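Counting begins at 1 with the first residue of the sequence. None of these values were measured; they are calculated from a predicted model.
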Amino acid sequence: MNKRKRNLAICLLLIVLTGSWGCGRNAVDQASQGLQTDEAVTAKSSDEKEKTDRDPVSGKSDDKTEKHELAGLVYQDSEELSYAENFTVDHYEGGYTLLTVIPDEKQYLLVPKNGEIPKDLPEEMTVIRQPVQNIYLVASAVMDLFDALDGLDSIAFSGQKEENWYIDSARQAMAEGRMIYAGKYSKPDYELLVAKGCTLAIENRMILHTPEVLEKLETFQIPAIVECSSYESHPLGRVEWIKFWGALLDKEKEAKQIFEKQNELLNQATSAENTGKTVAFFYITSNGMIQVRQSSDYVPKMIELAGGTYIFKDLGDEDSKRSTVNMQLEDFYDAAKDADYLIYNSAIDGGVTSVEELLKKCGVLKDFKAVKEGNVWCTSQDLYQQTLSIGYLILDIHGMLTGEAEEKMNYLFRCRDTTAK
């Protein structure tokens with residue numbers, strides 16, 4: 001081979017090697033990109049699977065084929081919830097329903113009238129046979145929901161005396177003896193409850209301060225459900241608990257209809273843009289402190305939905321689950337003096353009807369912008385017992401902010417300015 005041919009062969013060899021190396025690099029890069037893509041798809045699929053497989057009862061991820069298994073019962077479906085995050089309702093064939101109160105990790109299996117109690121149920125699960133009768137109702141906010149569901153006949157015992165009810169149906173039931181007082185949450189009349197055949201106690205969160213009461217009820221075989229709607233961050237989350245009680249009373253269809261009505265009211269109130277107006281919602285305690293709602297509470301959310309801005313932006317600790325915060329008068333003065341509207345919460349002390357009455361409670365309020373401009377409002381006294389007032393109150397606040405006719409309001413009214421000359 002002459003020199004020229006040898007050089008040509010070397011060049012061809014270099015070209016082939018260079019091409020192969022280039023193809024090799026491209027192949028490696030493509031494989032690497034493919035691996036990254038596969039990892040991303042795998043990660044996405046895993047994340048989607050975790051969301052799909054998340055247990056509606058515990059909120060924990062679980063295998064789809066196992067998460068609904070319950071002592072041989074066949075799972076059907078779960079109640080769809082729009083806002084509530086602290087309970088679930090799961091349906092099983094044969095009319096069985098599993099209720100779960102998430103914060104307390106308590107589960108209640110509703111067994112139909114002629115249904116057999118399944119074997120091998122979890123030891124901590126409570127069995128409640130339907131129809132539920134002779135209930136001891138302590139959680140005042142639940143009475144309104146039972147009344148709307150036409151379920152007062154299932155309540156035989158009250159944790160409130162007749163004169164303390166603002167719900168007419170409850171007062172009438174007690175006046176006629178169909179519902180009797182059985183002691184407050186911390187001192188129930190156990191003898192009465194046992195003698196009259198109480199089958200279920202519905203408690204509010206205050207019962208957690210006296211756990212011995214729950215233990216005593218259990219010894220008398222009276223199960224208790226601790227109502228947790230106060231943990232809901234969205235106002236309609238509280239209202240949506242009517243689906244929980246609707247399942248208990250076997251009136252789920254009615255519960256859905258009532259909830260949808262509240263949802264319609266919310267849509268009416270949130271149809272407009274934010275007004276830019278600021279609102280302070282407060283109450284004056286007996287020792288002169290100012291009690292306000294922490295910023296994460298449902299009342300500030302109602303103000304926001306109605307088109308306003310709660311004057312306290314980052315107040316309180318959301319993780320504490322407390323709804324209120326006590327402030328020194330000086331701090332309230334500094335933060336709320338220039339609020340466009342003041343709303344006095346009358347659910348605790350009976351409230352006020354005039355600006356003069358408010359100033360007798362706290363004279364420095366005379367310097368507040370809202371007082372000077374006649375924008376002092378008050379809630380009705382029955383508000384805390386009227387869970388279904390929430391949709392209407394959002395509408396009322398919206399009307400206050402936009403200047404709509406006051407005669408259309410249900411749970412909010414303007415305080416008369418008797419100090420004006």
Legend entry - Note: K360-E357 ion pair, threshold 4.0 Å (strictly below): no
Legend entry - Distance under 6.0 Å and angle within 45° of ring axis: K277 vs Y341: no
Legend entry - Backbone of Y411 reached by a side-chain donor or acceptor of D396 within 3.5 Å: yes
Legend entry - From OG1 (T379) to CG (N410), nearest 0.5 Å: 13.0 Å
Inset, instruction - Please assess V89 against H91 for the test side chain to side chain contact (heavy atoms under 4.5 Å, CB included), listing each intermediate value before the final yes or no. - result: CA-CA 7 Å; V89 178; H91 303 113; 3.7 Å; yes
Inset, instruction - Decide whether T126 and Q107 meet the rule of one side-chain donor and one side-chain acceptor closer than 3.5 Å. - result: no
Legend entry - Steps toward ring pair (Phe, Tyr, Trp, His ring centres under 6.0 Å) verdict (F281, Y310): CA-CA 8 Å; F281 188 96; Y310 187 54; 7.9 Å; no
Legend entry - Short side-chain donor-acceptor distance under 3.5 Å, S169 and D147: yes
Inset, instruction - For residues M143 and T387, determine if any side-chain heavy atom of one lies less than 4.5 Å from a side-chain heavy atom of the other. - result: no
Legend entry - D367 atom CG: more than 12 heavy-atom contacts under 6.0 Å: yes
Legend entry - Within 6.0 Å of CD in E163, more than 12 heavy atoms from elsewhere: yes
Inset, instruction - Find the distance between NZ (K301) and CD1 (I394) and round it off to the nearest 0.5 Å. - result: 9.5 Å
Inset, instruction - Mark yes when over 12 heavy atoms from residues, nucleotides or ligands other than N326 sit less than 6.0 Å from its CG; otherwise mark no. - result: yes
Inset, instruction - Nearest 0.5 Å please: distance from the CD atom of Q257 over to the NZ atom of K251. - result: 12.0 Å
Inset, instruction - For the pair E406 and R414, find out whether any cationic side-chain nitrogen is under 4.0 Å from an anionic carboxylate oxygen. - result: yes
Inset, instruction - Would you check if the side chain of S140 reaches a backbone N or O of Q385 as a donor-acceptor pair within less than 3.5 Å? - result: no
Inset, instruction - Using the ring pair (Phe, Tyr, Trp, His ring centres under 6.0 Å) rule, take W377 and Y344 through it: C-alpha gap first, then chi angles, then the decisive distance, then the call. - result: CA-CA 6 Å; W377 296 71; Y344 189 79; over 10 Å; no
Legend entry - Considering all heavy atoms, the nearest G197-N134 contact: O-ND2, 3.2 Å
Legend entry - Side-chain donor-acceptor pair present, H234, E240, cut-off under 3.5 Å: no
Legend entry - Distance-only donor-acceptor check, side chains E356 and S354, under 3.5 Å: no
Output a table of donor-acceptor pairs, distance under 3.5 Å, between side-chain atoms of residues 200-211 and any protein atom two or more places apart or on a different chain; print 'none' if there are none.
from	atom 1	to	atom 2	distance (Å)
N204	OD1	M206	N	3.0
R205	NH1	D104	OD1	3.2
R205	NH1	D104	OD2	3.0
R205	NH2	D104	OD1	3.4
R205	NH2	Y231	OH	2.9
T210	OG1	I207	O	3.4

Legend entry - Spatial distance of atom NZ (K106) from atom CD1 (I225) [nearest 0.5 Å]: 11.5 Å
Legend entry - Modelled atom types, side-chain donor and acceptor of E176 and Q172, under 3.5 Å: yes
Inset, instruction - Verify the ring-centre separation between Y108 and F244: is it less than 6.0 angstrom? - result: no
Legend entry - Residues in side chain to side chain contact (heavy atoms under 4.5 Å, CB included) contact with E85, at least two apart in sequence or another chain: E232, S233
Legend entry - Under 3.5 Å side-chain donor-acceptor pair for S296 and Q294: yes
Legend entry - Beyond-backbone contact of V355 with R416, side-chain heavy atoms, under 4.5 angstrom: no
Legend entry - Pairs meeting criterion ring-ring contact (aromatic ring centres under 6.0 Å, His included) with involvement of residues 151-189, two or more places apart: none
Legend entry - Atom pair CG (L110) and CD (Q130), whose distance is rounded to the nearest 0.5 Å: 4.5 Å
Inset, instruction - Over 60° means perpendicular and under 30° means parallel, so classify the ring planes of Y92 and Y75, tilted if in between. - result: perpendicular
Inset, instruction - Before giving the answer on side chain to side chain donor-acceptor pair (under 3.5 Å), spell out for E227 and S229 the whole-Å C-alpha distance, their side-chain angles and the decisive distance to 0.1 Å. - result: CA-CA 6 Å; E227 191 260 356; S229 68; 2.2 Å; yes
Inset, instruction - Find out whether the Lys NZ or Arg CZ of R238 is both under 6.0 angstrom from the six-membered ring centre of Y298 and within 45° of the ring's axis. - result: yes
Legend entry - Cationic N near anionic O, under 4.0 Å, K256 to E79: yes
Inset, instruction - State plainly whether the residues K369 and D340 are in salt-bridge range, i.e. N to O under 4.0 Å. - result: yes
Legend entry - Separation between NZ of K161 and NZ of K184, rounded to the nearest 0.5 Å: 9.5 Å
Inset, instruction - Check the angle between the aromatic planes of F146 and W245 and answer parallel, tilted or perpendicular using the 30° and 60° thresholds. - result: tilted
